[in-house]
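Worth knowing before you read on, the calculation uses all heavy atoms, side chains too, and leaves out hydrogens, waters and symmetry mates. Note that this is a predicted model, so its numbers are computed, not measured.
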Amino acid sequence: MELKDKSEIKNTTSHQATKYRNFPMVPHVVFGKGSFNQLGDILMPKRKHSDSPFVFLVDDVFEGTELANRIPTIFCDQIIFISAGEEPKTQQVDSLVQKVKNEFQELPSGIVGIGGGTIMDLAKAVAIMMNNDGSSSVYQGWDLVIRPSIYHVGVPTISGTGAEVSRTTVLLGPEKKLGINSDYTTFDQVVLDPDLTEGVSKEQWFYTGMDCYIHCIESLNGTYLNAFSQSYGEKALELCKEVFLDGLTPCESRNKLMMASWHGGMSIAYSQVGVAHAMSYGLSYLLGVKHGIGNCLVFQHLKEFYPEGVALFNIMREKHEIQLPEGLCANLADDEFNTMISVSMSMDPLWENALGKDWRKIITPAKLKSIYQKI
Ligand code: NAD
Ligand code: ZN
């Protein structure tokens with residue numbers, strides 16, 4: 001969300017002058033063990049005709065698995081398996097759109113993304129670009145999308161990012177890593193089936209789960225906090241604590257982390273993230289470090305900004321015996337540090353949320369370098 005919107009939410013006292021952000025939510029959601037089996041019925045009324053397919057963008061970790069066989073394809077529907085090994089790129093979105101347009105005479109009835117944040121973001125971006133001209137990089141920013149996206153559905157298979165509820169799709173473009181933030185980005189339908197997250201490795205479960213935890217800490221400790229964000233953030237934090245600290249059964253744990261992700265995403269929709277995300281964007285831009293682990297790598301060193309949050313993070317990390325990589329920035333040259341620092345410092349709203357309007361008095365290039373050097 002834009003800075004302007006936030007300060008309006010927080011500071012306006014006059015009823016007359018108040019202009020609040022009016023943001024979209026996912027209008028349809030189904031939750032529950034095995035709910036993926038309903039996908040065929042959910043899509044049926046959205047099918048335009050037999051020549052207008054559904055295109056399923058699916059994490060290639062599922063290629064040849066039972067889940068792939070359960071995807072409800074009919075007519076000329078297409079499944080495209082995609083690697084989530086790298087974060088989504090504008091060029092990748094553009095070539096997927098071209099591929100679908102070349103293959104079919106008609107616009108698809110819809111796009112379904114089955115995977116984590118990477119695949120869900122791709123699905124959102126492809127759905128937007130099926131109806132908008134040019135390269136997806138043109139629309140990176142806030143409210144630049146001109147025409148509504150086609151119908152699109154998100155099916156998360158790992159929990160934490162909140163990409164299933166957010167109005168953004170984060171893309172690495174030729175010049176910047178930035179979301180397509182728009183009212184057309186949000187999914188029309190989400191299917192939350194916790195069973196789909198069963199095969200996630202412990203490390204990835206932790207990294208993506210901590211993305212949610214860090215969303216909560218940054219939102220709840222931010223200057224943009226308001227009752228809307230707080231209500232979702234507190235619930236998400238409570239669920240994260242249960243998942244990562246209590247002895248839940250695997251099934252309960254999957255259910256609760258899926259809902260934590262949802263609430264965490266809702267919390268930042270009406271506030272903003274903070275220091276860990278601002279710095280993690282720099283790491284990701286320069287070194288290609290993925291979002292979840294990047295946040296963890298930064299967050300462990302943010303005791304001065306989030307003392308309680310970092311203390312609890314360390315307890316959770318130890319409990320689950322997660323070894324974070326070390327020495328990532330050990331051999332970087334000055335110009336590389338400068339790239340990370342300038343990417344990070346360009347995230348004004350994140351810094352302002354974290355530290356207030358005078359954040360530049362606290363956050364200097366030297367300060368950021370000293371934190372990056374620890375990673
Ligand atoms: P991911 O989609 O990158 O997947 C991480 C790994 O987990 C991949 O190797 C993937 O194959 C694997 N995986 C996923 N589901 C699995 C399953 N059920 N079984 C086994 N392996 C599985 O992970 P993520 O952390 O969910 O997403 C990160 C991406 O999300 C980044 O690109 C980030 O920019 C984006 N993001 C978007 C938003 C948003 O609001 N749009 C918010 C936060 C992050
Ligand atoms: Zn995040």
Side-chain angles (χ1 to χ4, degrees), residues 1-27 29 141-143 160-170 178-187 190 210-242 256 259-281 295 299 302 304-310 312-313 346-363:
M1 226 164 61
E2 283 160 300
L3 183 56
K4 191 165 149 260
D5 303 318
K6 284 324 157 11
S7 46
E8 279 164 354
I9 291 163
K10 200 165 181 328
N11 299 334
T12 309
T13 46
S14 152
H15 208 67
Q16 295 282 305
T18 305
K19 187 166 171 269
Y20 292 101
R21 190 91 182 109
N22 182 11
F23 80 95
M25 291 169 72
V26 173
V29 55
W142 279 270
D143 301 306
T161 62
E164 65 279 17
V165 288
S166 72
R167 78 188 278 281
T168 188
T169 157
V170 185
L178 186 61
I180 300 181
N181 297 265
S182 84
D183 284 354
Y184 303 127
T185 310
T186 318
F187 284 118
V190 169
M210 282 301 111
D211 187 23
C212 176
Y213 173 75
I214 295 168
H215 290 161
C216 299
I217 300 297
E218 293 185 330
S219 170
L220 292 171
N221 291 288
T223 61
Y224 291 166
L225 190 65
N226 52 75
F228 187 103
S229 289
Q230 189 176 4
S231 65
Y232 284 105
E234 284 175 351
K235 187 67 205 173
L237 183 59
E238 181 191 312
L239 290 166
C240 283
K241 286 180 185 170
E242 286 185 59
K256 291 195 180 204
M259 289 321 299
S261 175
W262 183 275
H263 282 78
M266 287 298 297
S267 180
I268 48 175
Y270 228 82
S271 65
Q272 188 48 275
V273 284
V275 181
H277 276 76
M279 293 194 66
S280 163
Y281 265 72
N295 284 343
F299 193 69
L302 301 184
E304 67 177 287
F305 302 108
Y306 307 111
E308 286 171 27
V310 174
L312 200 57
F313 170 83
S346 70
M347 304 276 156
D348 290 55
L350 282 65
W351 291 112
E352 187 177 306
N353 174 47
L355 302 167
K357 283 198 188 312
D358 290 335
W359 63 270
R360 281 180 192 275
K361 289 186 184 151
I362 306 164
I363 296 301

Set out, in order, the CA-CA distance, both residues' side-chain angles and the distance that settles side-chain contact (heavy atoms from CB on, under 4.5 Å) for E352 and D348, then state yes or no.
CA-CA 6 Å; E352 187 177 306; D348 290 55; 5.9 Å; no
Nearest heavy-atom approach of D143 to R167 is OD1-NH2, 2.6 Å
Validation row: W351, I362 side chains within 4.5 angstrom (heavy atoms):
no
For Y213 and E308, the nearest pair of non-hydrogen atoms, with its separation, is OH-O, 4.4 Å
Roughly how far apart are W359 CH2 and L350 CG, rounded to 0.5 Å?
10.0 Å
Check: S229 main-chain N/O paired with S267 side-chain donor or acceptor under 3.5 Å:
yes
With side-chain contact (heavy atoms from CB on, under 4.5 Å) as the criterion, how do L225 and L220 come out once you've worked through the C-alpha distance, each side chain's angles and the decisive distance to 0.1 Å?
CA-CA 6 Å; L225 190 65; L220 292 171; 4.2 Å; yes
M266 and V165 have their tightest heavy-atom pair at N-CG2, 3.8 Å
Between E238 and K235, does a salt bridge (charged side-chain N to carboxylate O under 4.0 Å, His left out) hold up when you go through it step by step?
CA-CA 5 Å; E238 181 191 312; K235 187 67 205 173; 3.0 Å; yes
Kindly assign one of parallel, tilted or perpendicular to the pair Y232 and H263, based on the angle between their ring planes and the thresholds 30° and 60°.
tilted
Donor-acceptor contact present, side-chain Y306 to main-chain V275, <3.5 Å:
yes
Counting N and O atoms only, with roles assigned by atom type, does the side chain of S261 sit under 3.5 Å from a partner on the main chain of C212, one being a donor and the other an acceptor?
no
Atom pair CZ (F305) and CE (M279), whose distance is rounded to the nearest 0.5 Å
8.0 Å
Counterpart residues, ring-ring contact (aromatic ring centres under 6.0 Å, His included), relative to H277 (two or more places apart)
H215, H291
Please work out whether the ring planes of Y270 and F23 are parallel, tilted or perpendicular, with thresholds of 30° and 60°.
tilted
Any donor-acceptor N/O pair, N22 side chain to Y20 backbone, under 3.5 Å:
no
Can you name the residues that form a ring-ring contact (aromatic ring centres under 6.0 Å, His included) with F187, not counting sequence neighbours?
H152
Separation between CZ of F313 and CG of N295, rounded to the nearest 0.5 Å
9.5 Å
Quick one: do K241 and L312 satisfy side-chain contact (heavy atoms from CB on, under 4.5 Å)? Show the steps, please.
CA-CA 9 Å; K241 286 180 185 170; L312 200 57; 3.6 Å; yes
Looking at every non-hydrogen atom in both residues, tell me the closest pair between S219 and I268 and how far apart they are.
CB-CG2, 4.0 Å
Between atom CG of D358 and atom CZ of R360, what is the distance when rounded to the nearest 0.5 Å?
11.5 Å
Given M210 and F299, is the side-chain contact (heavy atoms from CB on, under 4.5 Å) satisfied, shown in steps?
CA-CA 10 Å; M210 282 301 111; F299 193 69; over 6 Å; no
Write down the atom of T168, the atom of T185, and the distance for their closest heavy-atom approach.
C-CG2, 3.5 Å
Test side-chain hydrogen bond (donor to acceptor under 3.5 Å, both in side chains) applied to T161 and D211, step by step
CA-CA 6 Å; T161 62; D211 187 23; 5.2 Å; no
Check whether any side-chain N or O of Q272 sits under 3.5 Å from a backbone N or O of G222 as a donor-acceptor pair, and report yes or no.
no
Search all heavy atoms of I217 against all heavy atoms of N221 and return the closest pair with its distance.
O-ND2, 2.7 Å
